[in-house]
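See structure below.
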2 protein chains.
Amino acid sequence: MRHARLPASEEIALEDVFHALSDPFRLEVVRRLATEGEQSCQALEGDRPKSSVSHHFRVLREAGLIRTRNEGVTRMNALRRDDIEQRFPGLLACVVPQPKE
Amino acid sequence: MRHARLPASEEIALEDVFHALSDPFRLEVVRRLATEGEQSCQALEGDRPKSSVSHHFRVLREAGLIRTRNEGVTRMNALRRDDIEQRFPGLLACVVPQPKE
DNA sequence: GCCAAAGTTCGAAAAATATCGAACTATCGA
DNA sequence: TCGATAGTTCGATATTTTTCGAACTTTGGC
């Protein structure tokens, strides 16, 4: 993999996180990763072209919200739950529909 | 921006809040309103021209983060702390340096 | 009434983002 | 090795935001 630009937990910037989450598509992606666990890109693309989906995943990745790993021919995207929680405690809880406890 | 001038608490949209907070100047304004209480616009303007400051306060207002009232010839801006807390519990705590309690 | 102070609005220009097709890359399976 | 699948990258265009000066509004003081 060539472009792995993945900020370390301490490097995650609040402005970047907010910017990433200010787009409805990206916000929905984060919510689904949170509730459904890791997903391929195409599992979350709506009717968008691949290049647009790829762009949004990149924004999420560079903001530090998700991590991507290869699995065969697909790439699985996972929310960096612990890293985000450690850096900005409580933030994810505002974003994600609360699971019953 | 999606909302009219001063959204009611229930109308505050998370995307709008995130967008408003994704700008460093606006994030800093929110932090200062949180720690120092209500302020006039000019108390928070840096070296920016008035029209730019006014623009940023408008974004914050339309996102539902602040409320503005007239006081003589100045306008005082206050964080809508309770409204935000009610709508998105815990969000402000991520943004604002925690006061010692 | 006139003036100054504090913001707002307008309009144009600059900068940042988003969108989308086409070409490219990497991996798997036959 | 060939073909298909899943994404990425590139480049060009479109849309959205930001910036800033100038003109305007509102309020208070004289």
Side-chain angles (χ1 to χ4, degrees), chain A residues 1-6 13-30 32-33 36-79, chain B residues 1-6 13-30 32-33 36-79:
Chain A
M1 257 326 93
R2 286 190 318 186
H3 266 240
R5 304 201 36 184
L6 190 77
L14 194 51
E15 285 94 332
D16 293 345
V17 170
F18 284 152
H19 170 251
L21 296 176
S22 70
D23 178 89
F25 177 73
R26 293 191 296 252
L27 185 58
E28 184 59 22
V29 165
V30 167
R32 292 197 50 190
L33 293 179
E36 302 170 24
E38 68 175 355
Q39 304 280 330
S40 68
C41 295
Q42 80 165 351
L44 298 180
E45 88 192 11
D47 47 354
R48 262 167 232 266
K50 312 194 296 182
S51 52
S52 177
V53 174
S54 186
H55 162 71
H56 287 298
F57 275 92
R58 186 216 274 244
V59 172
L60 290 170
R61 212 178 297 125
E62 295 188 346
L65 285 165
I66 66 174
R67 145 188 311 124
T68 303
R69 72 182 173 86
N70 286 356
E71 180 166 307
V73 80
T74 88
R75 313 195 65 194
M76 294 303 278
N77 304 282
L79 193 58
Chain B
M1 271 319 92
R2 242 175 325 158
H3 280 284
R5 312 216 60 205
L6 191 77
L14 195 52
E15 285 95 331
D16 292 346
V17 170
F18 284 152
H19 169 251
L21 295 175
S22 69
D23 178 90
F25 176 72
R26 291 189 298 250
L27 185 58
E28 183 59 24
V29 166
V30 166
R32 292 197 49 191
L33 294 179
E36 302 171 24
E38 66 174 359
Q39 303 281 330
S40 68
C41 295
Q42 81 164 352
L44 299 180
E45 87 191 13
D47 46 356
R48 263 168 228 266
K50 312 195 294 183
S51 51
S52 176
V53 174
S54 186
H55 162 72
H56 288 297
F57 275 92
R58 186 217 275 246
V59 172
L60 289 170
R61 213 178 296 125
E62 294 186 347
L65 285 166
I66 66 173
R67 145 189 312 122
T68 303
R69 72 182 173 85
N70 286 354
E71 178 164 308
V73 81
T74 88
R75 313 194 66 192
M76 294 304 276
N77 303 282
L79 193 58

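Just so we're on the same page: letters track the sequence lines, and every chain starts at 1.
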| query | Which heavy atom in B:Asn77 sits nearest to a heavy atom in B:Ser40, and how many Å separate them? | reply | ND2-C, 3.8 Å
| message | Let me spell it out: for each of A:Glu71 and A:Pro49, pick the nucleotide of DNA chain C with the closest heavy atom. Which residue's pick is nearer the 5' end? | response | A:Pro49
| Between atom CG in A:Asn70 and atom P in D:dA6, what is the gap in whole Å? | 14 Å
| request: Any chance you could list the contact pattern along nucleotides 7-18 of chain C? Use B for base contacts, S for sugar-phosphate-only contacts and - for none, protein heavy atoms under 4.0 Å, 5' to 3'. | output: BBB-------SS
| field | Closest non-hydrogen atom pair between A:Arg67 and A:Leu6, with its separation | value | CA-CD1, 4.2 Å
| Matching residue for A:Thr68 among A:Arg61, A:Arg58, A:Glu38 - test: side-chain hydrogen bond (donor to acceptor under 3.5 Å, both in side chains) | A:Arg61
| said: How close do A:Leu33 and A:Ile66 get, counting heavy atoms only, and between which atoms? | reply: CD1-CG2, 3.6 Å
| query | Are the side chains of A:His19 and A:Arg26 in touch, meaning some heavy atoms are under 4.5 Å apart? | reply | yes
